[in-house]
Amino acid sequence: MSLNKYSRTLTQEVSNPAAKAMLYGIGLTPEDMNKAQIGIASTGYEGNTCNMHLNGLSVHVKKGIQENGMVGLIFHTIGVSDGMTNGNDGMSYSLPSRDIIADSIENVVAAQWYDGVIAVVGCDKNMPGAMMAMARLNRPGMLVYGGTIRSGSYKGEKLDIVSAFEALGKKYAGTISDEDYEGVIRNSIPGAGACGGMYTANTMASSMEAMGLVLPNSSTYPATHEGKKEECLAIGAAMKILLEKNICTRDIMTRHAFENAMTVVMALGGSTNAVLHYLAIGHAAGISFTLKDVQDISDRTPLIADLKPSGKYYMEDVLAIGGMPAILKYLHSVGLLHGECMTVTGKTMAENLAEAPDLNFETQKIIFPITQPLKPSGHLQILYGNLAPGGAVAKITGKEGERFEGLAKVCNSEEEVIEYISKGDIKPGHVIVIRNEGPKGGPGMPEMLKPTSAVIGAGLGNSVAMITDGRFSGGTHGFVVGHVTPEAFEGGPIALVKDGDKITIDAVNNTLVLHVSDEELVERKKNWTPIESRFKQGVLRKYIKNVSSASQGCVTDL
Ligand code: FES
């Protein structure tokens, strides 16, 4: 087969005979020496359900690669599960893991000079990390999503990971028995797969399908569905086309492809984390994709999906209505998607969608027509104001209302929120301000699923709002504003808020206002001292030194 411009076969013998000798050493044959070499990056490991099956999927990918006349070489990178790290110190390592994944895939593929790269990914940070690496490398490549989890069940109620956190809130509120609490915990997560709502993993998976970086339906097949294995085996034929046509990642990751990805995030009610990640992926791809672009897309895209966390259905339910291809086909038919974008099938998005099924609005209740949306514009809103001069990201589905005014209850850490909730100190009308949880201060912008779930579980979901310089988990629902920039660690206005200050969150006018005079804020700033980071060495020390603001995607290579 013809090889692309990165082909190593022409050079490896003359430049480094040891490389060829080593390839014989790993068991390749003389015939193999003329084949394209494809690096298969797996974020698999045994310690959590999102990633536990990825090494197995990688073996199927390798088989498909070999069957199509290429050499597949599996290597591994890390993967941190937010489900495991939420609510503890480990969460500080989660967002940095995205950049370690990006760096490590870039490092191996560039060092080993692979002709192409396939990333097998399953959890929140795996996907953006791998996409960033692929954008930097700009070689033929694609991703395989590990697939969504099946829902759990207890006493006839469908469960997922958020059910476990919300059970904790009910425990604080005394509204669940010990037996039922244990029953929920034991049955929330029944096996392999990524968290089952339109949380961060499924948000990234759906949007990367909209970007054309995976085979059709990759984001829909549950992890344990036979279609997932078939997808892995089909990767080889697709990879061969990409190599023959020399279609590289940046040919797919165009400006319009970014718009398609963010449109799907908005239409499906996806996670705030997608904003952070697509800013970073844009940086890696050399595309200027900013908070303004996110707001523009939000303004023109209705929320049409009744998916968790704010809705009713799980990702596993989407397969039955035609899968992601049917949703993309609908969005394309109403003019919300760019059809000319190239995809990893070697065809355009519009060509792929021509074969997709149609959504049936008579029989399915997950996706609403754009003429009857759940919300006429996107649920993710970019807010600015004296509390967030560099921007903030709000997730407002409309169920909570679009404006909240209340009095600040300041928490200097996530732990303080839980303490206040358990003591009953959080009251209706409070705006819970969680600070020192930004990219540098957290560090790593720890996600706030535990506080938000505890608030919901305590029955305060409709009567309090939360703002933070950290992030909210994709599983969050309620009136929440994250990514407040600049962060408290750098002396941003969020550092100056005091208990009882009035705060207005306005998702109609896109403002976040602290009702304290400029003069008073100047006085408060004089008495402000930066917190000292606990991290004096190691990966988080490096992260604090290098990470950019949330409004710049928290990239580490600016
Ligand atoms: Fe991995 Fe949710 S924690 S997908």
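Just so you know, these numbers use all the heavy atoms, side chains as well, and skip hydrogens, waters and symmetry mates. Every number for a ligand or one of its atoms is a count from 1 in the order of the listing.
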Under-4.0 Å heavy-atom contact with ligand 1, by part of Ala194 that carries it
both
Answer yes if the side chains of [X] and [Y] hold a donor-acceptor pair under 3.5 Å, and no otherwise.
X	Y	value
Glu437	Ser413	no
Asn138	Thr249	no
Tyr154	Ser188	no
Ser151	Asp160	no

Candidate pair Ile40 and Phe75, rule side chain to side chain contact (heavy atoms under 4.5 Å, CB included), full reasoning
CA-CA 6 Å; Ile40 303 167; Phe75 65 96; 5.9 Å; no
Short check: any N/O/S atom of Cys195 below 2.8 Å from atom 2 (Fe) of ligand 1?
yes
Atom indices of ligand 1 within 4.0 angstrom of [X] heavy atoms, with elements:
X	result
Asp124	2 (Fe), 4 (S)
Gly83	3 (S)
Ala201	4 (S)

